[in-house]
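These notes are about the structure you will find just below.
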Amino acid sequence: KYEWGSLNVTDFLQKLSQEGISEPKVESHGNVVVIHLQEEDALIQLEDNSTHVVCTGDETLRTKLRSIVMQCLKKF
Amino acid sequence: LVMKENNVCLMDVDDACKEAGINRHIIRFSSTVHLNDTGPALATAHKLHGFIKENLPQWPVVFAEGEISIESVLVKVEGDEDEQKNVYVSWTNQDEDLGSYILNLLNRMGQ
């Protein structure tokens, strides 16, 4: 499967909160949005055509973030 | 597999997206594993290269300029000679199984 389209930041933040990931720090730099999850020690960088999920070796958190990112994108 | 002007052809996924006017969205993951291995970072990278090759004998494991790559998975070692090393593992969503397998392999090694 391949993902396409852009990720809606509001939707993404709402889904994070539904999954119990609260108080993310959101910063915008032009068309780049950086979401810092301080408690989880993770960072998500969103651009129009790419998403970069940076975290520690904690696979539970990463797979949760992966699932949320994929829910916000279209697939073919 | 793309159908174009009543013909069916095989096309690279990026070309097929361009053809269809679709913006592909690339998802990349990066994780860090801490390894207690003193000595130069390059020596640790060599060890990891051997270890990954041993565990993935069917895969093209490439070692170039101190970095290990297997498809879209990149493994990079950083840290000074007498310190524990930070091993960065990064991959795209299409290589999720391979990337998470390598990360778990290195996580187990670091324990």
Side-chain angles (χ1 to χ4, degrees), chain A residues 1-16 19 21 24-25 27-76, chain B residues 1-3 10-37 48 52 71-79 84-111:
Chain A
K1 286 232 169 168
Y2 296 93
E3 296 72 34
W4 63 283
S6 293
L7 195 144
N8 182 296
V9 180
T10 315
D11 278 357
F12 183 73
L13 291 173
Q14 198 173 9
K15 285 189 166 64
L16 276 183
E19 287 290 332
I21 300 171
K25 198 176 153 213
E27 279 176 32
S28 292
H29 309 276
N31 60 347
V32 182
V33 177
V34 179
I35 300 169
H36 189 194
L37 310 177
Q38 282 163 307
E39 212 167 296
E40 290 81 3
D41 194 16
L43 201 112
I44 304 133
Q45 184 171 310
L46 307 171
E47 290 185 51
D48 291 342
N49 297 318
S50 67
T51 297
H52 192 177
V53 177
V54 184
C55 48
T56 58
D58 178 0
E59 276 293 82
T60 316
L61 173 70
R62 191 191 63 81
T63 47
K64 193 187 265 188
L65 294 174
R66 176 176 184 257
S67 153
I68 298 172
V69 170
M70 287 179 70
Q71 284 171 41
C72 294
L73 291 168
K74 301 180 193 92
K75 290 170 251 336
F76 69 91
Chain B
L1 203 61
V2 177
M3 203 171 147
L10 265 179
M11 213 182 257
D12 170 71
V13 68
D14 289 322
D15 293 336
C17 284
K18 264 186 215 156
E19 196 72 41
I22 284 173
N23 294 326
R24 245 192 101 182
H25 193 104
I26 307 291
I27 308 171
R28 185 165 270 279
F29 301 98
S30 295
S31 290
T32 312
V33 177
H34 305 291
L35 274 189
N36 259 324
D37 189 41
L48 293 183
I52 293 169
E71 303 289 347
S72 77
V73 187
L74 285 174
V75 179
K76 196 175 168 184
V77 181
E78 279 183 8
Q84 73 163 9
K85 305 292 183 289
N86 289 324
V87 182
Y88 300 103
V89 190
S90 171
W91 66 92
T92 63
N93 197 34
Q94 275 64 46
D95 284 324
E96 167 67 12
D97 290 346
L98 184 63
S100 58
Y101 175 80
I102 293 171
L103 178 66
N104 285 329
L105 209 63
L106 299 177
N107 261 333
R108 282 207 302 273
M109 205 182 172
Q111 277 165 6

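Order of the sequence lines fixes the chain letters, A, B, ..., with proteins taken first and strands second; residue numbering starts at 1 for each chain.
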So what's closer than 4.5 Å to chain B heavy atoms on A:Asp58: side chain, backbone, both or neither? neither

Sub-4.5 Å side-chain heavy-atom contact between B:Ile27 and A:Leu73: yes

Please classify the contact between A:Lys74 and chain B as side chain, backbone, both or neither, with a heavy-atom cut-off of under 4.5 Å. neither

Which value, rounded to the nearest 0.5 Å, describes the distance between B:Ile26 atom CD1 and A:Trp4 atom CH2? 14.5 Å

Derivation and outcome, side-chain contact (heavy atoms from CB on, under 4.5 Å), residues A:Ser50 and B:Arg28: CA-CA 8 Å; A:Ser50 67; B:Arg28 185 165 270 279; over 6 Å; no

Counting only non-hydrogen atoms closer than 4.5 Å, does A:Glu47 touch chain B with its backbone (N, CA, C, O), its side chain (CB onward), both, or neither? backbone

Write down the atom of B:His25, the atom of A:Leu7, and the distance for their closest heavy-atom approach. CE1-N, 4.2 Å

Quick one: which of A:Met70, A:Arg66, A:Glu59 has the most heavy-atom pairs under 4.5 Å with chain B, could you say? A:Arg66

Residues, nucleotides or ligands: over 12 heavy atoms within 6.0 Å of A:Lys75 NZ: yes

Could you look at B:Asn104 and say if it's the side chain, the backbone, both or neither that has a heavy atom under 4.5 Å from chain A? side chain

A:Glu39 atom CD, neighbour heavy-atom count above 12 within 6.0 Å: no

May I ask you to test the B:Gln94-A:Glu3 pair for a side-chain heavy-atom distance under 4.5 Å? yes

Less than 4.5 Å to any heavy atom of chain A: does that hold for the side chain of B:Ser100, its backbone, both, or neither? both

Okay, A:Val69 and chain B: the region with an atom under 4.5 Å from a heavy atom over there is side chain

May I ask you to decide whether B:Glu96 forms a salt bridge with A:Arg62, counting only side-chain N to carboxylate O separations under 4.0 Å? yes

Please look at B:Asn23 and chain A and tell me whether the side chain, the backbone, both or neither of the residue comes under 4.5 angstrom of a heavy atom of that chain. both

